[in-house]
Each structure stands twice: as C-alpha cells, then as structure tokens.
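Some notes on the structure that comes next.
Chain letters run A, B, ... following the sequence lines, proteins first, then strands; residues in each count from 1. Quick caveat, the model's predicted, so the values are computed rather than measured.
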Number of protein chains: 2
Amino acid sequence: MRTKKTIVNPSRKILSTAIACLSEKGYANVSMRDIASESGVALSQLTYYFKNKEGLFTEVIHEMMAQYLQEMEDTMKSAVGAKAKTASLISYFKDLVKEKPKLLRLFIDFTAQSLWVPSFREQVDHLFCRLTEMIEENILKDTEMSANLDGYSSASIARYILGALYGTSIQIMLGSDKTSAFESFQLTDSLFAAREL
Amino acid sequence: MRTKKTIVNPSRKILSTAIACLSEKGYANVSMRDIASESGVALSQLTYYFKNKEGLFTEVIHEMMAQYLQEMEDTMKSAVGAKAKTASLISYFKDLVKEKPKLLRLFIDFTAQSLWVPSFREQVDHLFCRLTEMIEENILKDTEMSANLDGYSSASIARYILGALYGTSIQIMLGSDKTSAFESFQLTDSLFAAREL
DNA sequence: CGTTTGTTCGGTCGTACGTACGACCTATTT
DNA sequence: AAATAGGTCGTACGTACGACCGAACAAACG
C-alpha cells in the first residue's frame, strides 16, 4: 500500500513536536509521553515511526544538523570575499543567540548528551567536522593569515574559530546580560582579519 | 548533639560517589539509587544529608567549581609574566582533555543542564565569571595587546579566550583523534601574544 | 538511669518511564 | 467478496524513579 499524505504526515508532526519539546525543556526533562500528548498522537505511534526513544532523538539531531549546516552555508555563501564571509559568520552566531536561542540550546544540549551516548556522539562529531570544513572552505582558503599564524594548519584554525564562537555563545546564553557580551564575537573579525590575495 | 566523624563522614562519601557517578555516566543517566548503592549507603541517607536530588547535585557543582577554580588559579599563579601565564593556561586545558576528561565532562554536562535548571544556571554562570576574571587579572592586566585589539574591553577578550579554550576542548573531546587537534589550543598563544610593559 | 537529639536503615507510596501487544479501521489488491 | 497491508489507538506490563515514613540505633546529657 502506498504511503499516503492525506493531510499531514504524522511522522513529520511527531518530529517537529519533539524538536519543540526538546528545545524548550531539554533532553533530560522530556519523555515520549510528553511528545505524544503534545503532538496529539497516540504514544504507540512514536514507536511505530521511530523504533524507540533513541531512534526518535537521533532523527531530531539529524534535523537539527541539517538546519544548522543549511543556514550556516546560506549565510556564508551570500557574502563575497573572506572578510565579508567572516562578518556574516559572526552575525549568524549573534543571530543564533538573539533570535534562535532554542536552536542553540538544542545544539548545546545534544553536545553534552553526545558525551555519553555513542550514537549521538558520532552525529555531533560529524556536525563539528562539517562546520570546520565549511569555515576552512569559505574563510581560510585562498587567504593569507597574519604572520603569527604560520605553522598552523587551516583545520586547526577553523576548529579554533568555531570553538571560540561556540564557547562564547554558551557564555552569553548563560549570562544575565545578553547585550554587552556581544562584543566578544567581534573579536573573531579582528583576530583573523584576512588579507585577500 | 555534635556531628561525629566516626570513621569517614558519610556525606563526604556520598558526595564523592555522586561526583564519580556523574562524571562517568552523565546527569541524565544517574539516579539517586545508583549513587546510594554505589556508595554503600541507604537511599534515605541521601535525602537526609542533601534534601533532594537537586540539593545533592547543587553540591556536586559547588565541588566541581571549587576544584576548577583552585587548579586554574594554582596553574596561573605558578607562572610569572603574562606570556608564561598564557602558556600555563593553555597547558591546563590540554591537561584537562588528556588527563582529567572526567572533570571536563562534568563541566560540559552541567553547563548544558544549567540551560534548564535555574539554580544550576546561576552557579555555572558564576563559574564562568570567575574564570574570565581570573584571565583578566593574570593575563590581560598590565599588558598591552596587539594593535588590532584596541577598543575591546578586557572582559570581552577574556570571555573570548575562555570560550575558545572551552569550545575547542569540547570538539577535541568529541573527536576521534585526541592528538592532532591539540594544535588548536596553541593558537591562543599566537593570537594573544602579549607584549609586557 | 532515662531522655533527647542525631543518625541509619529497610521498606513503601505514588508516579512516570519505555516498550509491547492486540484490537480496530480503511483502503488497496486479489 | 474476501484477503491483505498500512496505519491508529488504548491499554497494560515490568521496571525504575524520587520522596517519604517509622522503627531502630548511637551518643551525649540531665
């Protein structure tokens, strides 16, 4: 029998509800029942579409990763030149903190969970790799860094930039004042000011 | 009646067991019963000494914070001059990843949890503030940064340095190869190379 | 001595969890 | 019309959870 799409795919509804719940209450505080009742679907449907809890949450990570990578890529592709791309990367993280804190919280929470759940770890590690690759491609390639950065592989530099933006985001996220702290982001620009070739 | 210390304070035993469990299995995967049986103490003792789960874990965070701050301070105080202190800070984070991954995992996990539990958040935020203050005091004070860092407050710079080290640590922690990635840490030294006054 | 106060313990309560199962219903296929 | 397959649902199972209680014990003190 063909897969029908009568009105709206239930598995999509479950998935989006799961994302909403997780980004609002956190991994440790969300149950399958929460997601079921919130999405107006029987509990057994969750296991029907996604085997078990880990299966469902794996799919959530997958979704989250896709959104991250897509948005990040769009952001950087829209700018031309390493310097402009750096600026757009910074503003994307600012936007993340200010306008999309839920997505960011989801990211942070899953990063922590991935320390304990091997299958999550694999996914999140992959996400970090893709992100650093993207930074390498867009910002570090065809660019000569300031002199004191000789000897560092572009992979190391990219990892550092991503780490700095991510780590700074977390601090701002936790802090009480979200405004004055934004200055830190800008440091990426000053530190890695690229000279175009 | 006086608090006795017959052989070893049970609350200490509970606490250290809790730390061990948490740094091995993660917040979401540890129950009060786990800690009780692991520490060879009745479950009811946990609530006797620490009100409830949140009370116990609050104490664990407190312990973790103290260790972090102490070790970090010792590390930096042992070096003289901003440049040497920077190097010692870097090597402390390397040491964390390589030799004390449990403590680091504890830190990361609680950071994520603090996104959802207000009392945790307060504590972890305070930890971050203390750490940035320490970086300001030891590395940024009485030091002239390279020219392109004008206009940034020392608080912003400290936050960025901490964020970079923290964010890089997470990536290395998740990655498969722990060796080649250590190069990234060193970037802190090159980027914030201080000229002594 | 007995009382009081701090400590330890086993046990239980109510609830929540993830998962599994069987009964439907509907639409397609034979 | 009968059979089959996809989808939905309610419910129940077994386990685990945090919290709580009352009984026992221990130590100080009158």
Side-chain angles (χ1 to χ4, degrees), chain A residues 1-22 24-62 109-110 112-114 116-120, chain B residues 1-22 24-61 109-110 113-114 116-120:
Chain A
M1 185 175 281
R2 225 174 352 99
T3 304
K4 295 206 315 137
K5 318 198 157 197
T6 45
I7 305 169
V8 61
N9 195 334
S11 89
R12 290 292 327 164
K13 185 164 182 60
I14 294 171
L15 202 48
S16 67
T17 307
I19 293 176
C21 284
L22 283 169
E24 202 153 316
K25 302 164 60 178
Y27 178 90
N29 313 306
V30 167
S31 69
M32 300 281 272
R33 281 177 164 81
D34 288 338
I35 300 170
S37 73
E38 194 82 18
S39 63
V41 157
L43 174 60
S44 38
Q45 289 296 91
L46 304 208
T47 57
Y48 179 76
Y49 285 103
F50 313 89
K51 196 169 176 339
N52 53 26
K53 190 178 185 179
E54 185 166 326
L56 172 57
F57 287 4
T58 295
E59 213 56 43
V60 171
I61 301 183
H62 190 80
D109 205 24
F110 271 125
Q113 287 308 318
S114 69
W116 321 105
V117 185
S119 69
F120 290 177
Chain B
M1 185 172 284
R2 224 173 357 96
T3 304
K4 294 211 317 140
K5 319 197 155 197
T6 44
I7 305 169
V8 61
N9 196 333
S11 89
R12 290 293 326 163
K13 186 166 180 58
I14 293 171
L15 201 49
S16 68
T17 307
I19 293 176
C21 283
L22 283 169
E24 204 153 315
K25 302 163 62 178
Y27 179 91
N29 313 307
V30 168
S31 70
M32 300 281 272
R33 282 177 159 82
D34 288 337
I35 299 169
S37 74
E38 194 82 17
S39 64
V41 156
L43 173 62
S44 43
Q45 290 296 93
L46 304 208
T47 56
Y48 177 74
Y49 285 103
F50 314 88
K51 198 170 176 337
N52 53 27
K53 190 179 186 179
E54 185 167 324
L56 172 57
F57 288 2
T58 295
E59 213 56 45
V60 171
I61 300 184
D109 205 25
F110 272 125
Q113 288 308 316
S114 70
W116 321 105
V117 185
S119 69
F120 291 176

query: Does the pair B/L56 and B/I35 meet the rule for a side chain to side chain contact (heavy atoms under 4.5 Å, CB included), with working shown?
result: CA-CA 11 Å; B/L56 172 57; B/I35 299 169; 3.9 Å; yes

- request: Report the C-alpha distance between A/L15 and A/S11 in whole Å, list the side-chain angles of each, state the deciding distance to 0.1 Å, and finish with yes or no for side chain to side chain contact (heavy atoms under 4.5 Å, CB included).
  value: CA-CA 6 Å; A/L15 202 48; A/S11 89; over 6 Å; no

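Taking side-chain N and O atoms only, B/S31 has a distance below 4.0 Å to OP1 or OP2 of D/dC17. Distances shown here put every side-chain N or O of B/Y48 at or beyond 4.0 Å from the OP1 or OP2 atom of C/dC9.
Considering only the side chain of A/Y49, D/dG7 comes nearest among D/dC20, D/dG7, C/dT19.
Side-chain atoms of A/L22 and A/V60, non-hydrogen and from C-beta on, do get closer than 4.5 Å to each other.
Scanning atom types as modelled, no donor and acceptor separated by under 3.5 angstrom connect the side chain of B/T47 and the base of D/dG18. Side-chain atoms of B/S44 stay outside donor-acceptor range of the base of C/dG11, with no qualifying N/O pair under 3.5 Å.
The distance between atom CG of B/L43 and atom C1' of D/dC17, rounded to the nearest whole Å, is 10 Å. Between the CE atom of B/M32 and the P atom of C/dA16 there is a distance of 18 Å, given to the nearest Å. Here the P atom of nucleotide D/dC25 and the CD atom of B/Q45 are 15 Å apart, to the nearest Å. Atom CG of A/N29 is separated from atom C1' of C/dC17 by 14 Å (rounded to the nearest Å). The CD1 atom of A/I35 sits 15 Å away from the C1' atom of C/dA16 (whole-angstrom rounding). Atom-to-atom, NZ of B/K53 to P of C/dT15 comes out at 19 Å; the value is rounded to the nearest Å. The distance from atom NZ of A/K51 to atom P of C/dT19 is 8 Å, rounded to the nearest whole Å. For A/F50 and D/dT8, the CZ to C1' distance is 15 Å, given to the nearest whole Å.
Residue contacts for A/L46: at a heavy-atom cut-off of 4.0 Å it reaches no nucleic acid atom on any strand shown.
Of the two residues near DNA chain D, A/V41 and A/R33, the one whose nearest nucleotide lies more 5' is A/V41. Between B/E54 and A/G40, the residue whose closest nucleotide on DNA chain D is further toward the 5' end is A/G40.
In this structure, B/N29 contributes its side chain and B/K25 its backbone to a donor-acceptor pair below 3.5 Å.
Geometrically, A/K53 engages A/Y27 in a cation-pi contact, judged by NZ or CZ lying under 6.0 Å from the ring centre and within 45° of the ring axis.
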